[in-house]
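Worksheet for the structure shown next.
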Amino acid sequence: MNAFKELTSSNDWKNVMAQSMKEPILVFKHSTTCPISASAYQEYISFETELDKYVVKVIESRPVSNEIANDIGVTHQSPQIFLIKEEKPLWNASHWHITEKSIEEAIKENLS
């Protein structure tokens, strides 16, 4: 299982967006009270990749979650995943569409 970093502040998010100018990243929005989110979270943390991975807990870090939605122009859902490059979402999915296979396919389609 690869490590990931939790984003808990606006500064964390701004740093990640700046990082996306150099290399693509994955960001997962997670609701710690939702069973669908728990399932998607397991898919996300099990997915092996060289990309840097980040998690935002939407209840605990609501301002960061809202800022992400505003900055990338994608309506908030939870759970939700983004593949971001150069501060733009190349792909996103939510709920049961978040699987190891869908993440792998999104990376191949958008970064190859």
Side-chain angles (χ1 to χ4, degrees):
M1 177 165 46
N2 1 352
F4 57 84
K5 181 179 181 199
E6 183 177 348
L7 305 177
T8 59
S9 72
S10 181
N11 279 343
D12 288 347
W13 169 240
K14 284 180 178 34
N15 289 337
V16 165
M17 279 298 270
Q19 177 188 342
S20 80
M21 292 302 292
K22 298 176 187 168
E23 58 191 17
I25 57 166
L26 288 168
V27 177
F28 181 78
K29 286 183 163 187
H30 177 42
S31 172
T32 54
T33 61
C34 172
I36 296 171
S37 192
S39 176
Y41 179 75
Q42 288 303 314
E43 293 284 327
Y44 180 63
I45 64 172
S46 297
F47 180 70
E48 293 290 332
T49 181
E50 296 297 316
L51 300 181
D52 286 340
K53 294 166 57 174
Y54 299 91
V55 170
V56 176
K57 294 179 180 171
V58 298
I59 295 169
E60 296 83 348
S61 299
R62 176 64 68 188
V64 178
S65 177
N66 292 340
E67 189 172 351
I68 291 169
N70 290 335
D71 287 353
I72 64 174
V74 177
T75 302
H76 166 77
Q77 295 188 50
S78 176
Q80 191 172 33
I81 187 171
F82 304 96
L83 173 62
I84 300 172
K85 182 178 179 184
E86 297 175 351
E87 298 184 351
K88 293 179 179 40
L90 301 179
W91 169 81
N92 73 87
S94 66
H95 297 85
W96 295 113
H97 299 286
I98 301 171
T99 63
E100 286 187 65
K101 183 177 180 180
S102 70
I103 300 167
E104 180 179 9
E105 288 173 358
I107 290 170
K108 284 181 184 175
E109 289 174 13
N110 290 284
L111 300 179
S112 296

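Quick note: numbers below take in every heavy atom, side chains included, and nothing from hydrogens, waters or symmetry partners. Numbers here simply count residues along the sequence, with the first being 1.
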Side-chain donor-acceptor pairs under 3.5 Å in residues 99-112, sequence neighbours left out?
{"residue": "Thr99", "atom": "OG1", "partner": "Ser102", "partner atom": "N", "Å": "2.9"}
{"residue": "Thr99", "atom": "OG1", "partner": "Ser102", "partner atom": "OG", "Å": "3.2"}
{"residue": "Ser102", "atom": "OG", "partner": "His97", "partner atom": "O", "Å": "2.7"}
{"residue": "Ser102", "atom": "OG", "partner": "Thr99", "partner atom": "N", "Å": "3.0"}
{"residue": "Ser102", "atom": "OG", "partner": "Thr99", "partner atom": "O", "Å": "3.0"}
{"residue": "Glu104", "atom": "OE2", "partner": "Lys108", "partner atom": "NZ", "Å": "3.3"}
{"residue": "Asn110", "atom": "ND2", "partner": "Ala106", "partner atom": "O", "Å": "2.8"}
{"residue": "Ser112", "atom": "OG", "partner": "Lys108", "partner atom": "O", "Å": "2.6"}

Does any pair with a residue in residues 72-93 pass salt bridge (charged side-chain N to carboxylate O under 4.0 Å, His left out), and if so which ones, sequence neighbours excluded?
->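 Salt bridge (charged side-chain N to carboxylate O under 4.0 Å, His left out) check on residues 72-93 returns no pairs.
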Residues which pass side chain to side chain contact (heavy atoms under 4.5 Å, CB included) with [X], listed by chain and number, not counting sequence neighbours:
| X | value |
| --- | --- |
| Asp71 | Trp13, Glu67 |
| Ala69 | Lys29, His76 |
| Ser31 | Thr33, Cys34, Ser37, Val58, Ile59, Ser78 |

Mind checking whether [X] and [Y] sit in one hydrophobic cluster, side chains of I, L, V, M, F, W, Y counted as touching below 4.5 Å?
| X | Y | result |
| --- | --- | --- |
| Ile72 | Tyr54 | yes |
| Ile98 | Leu51 | yes |
| Ile81 | Leu90 | yes |

Parallel, tilted or perpendicular: ring planes of Tyr41 versus Phe4, cut at 30 and 60 degrees |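 Ring orientation, 0 to 90° scale: perpendicular.
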Partner residues of Phe82 under the ring pair (Phe, Tyr, Trp, His ring centres under 6.0 Å) criterion, sequence neighbours left out = none
State, with a plain yes or no, whether a side-chain heavy atom of [X] is found less than 4.5 Å away from one of [Y].
| X | Y | value |
| --- | --- | --- |
| Lys5 | Asp12 | yes |
| Lys53 | Phe28 | no |
| Met17 | Ile84 | yes |

Shortest non-hydrogen pair, Leu83 vs Pro24, comes out as CD1-CB, 4.3 Å
Smallest separation among heavy atoms of Tyr44 and Leu26, with atom names | OH-O, 3.2 Å
Results of salt bridge (charged side-chain N to carboxylate O under 4.0 Å, His left out) for Glu60 - residues two or more places apart only |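 Here no residue qualifies.
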Can you list the other members of the hydrophobic cluster that holds Ile36, where links are side-chain heavy atoms under 4.5 angstrom apart?
-> Trp96
Residues in side chain to side chain donor-acceptor pair (under 3.5 Å) with Ser39, at least two apart?
->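 Result, side chain to side chain donor-acceptor pair (under 3.5 Å) vs Ser39: none returned.
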Partner residues of Asp52 under the side chain to side chain donor-acceptor pair (under 3.5 Å) criterion, sequence neighbours left out = Gln19
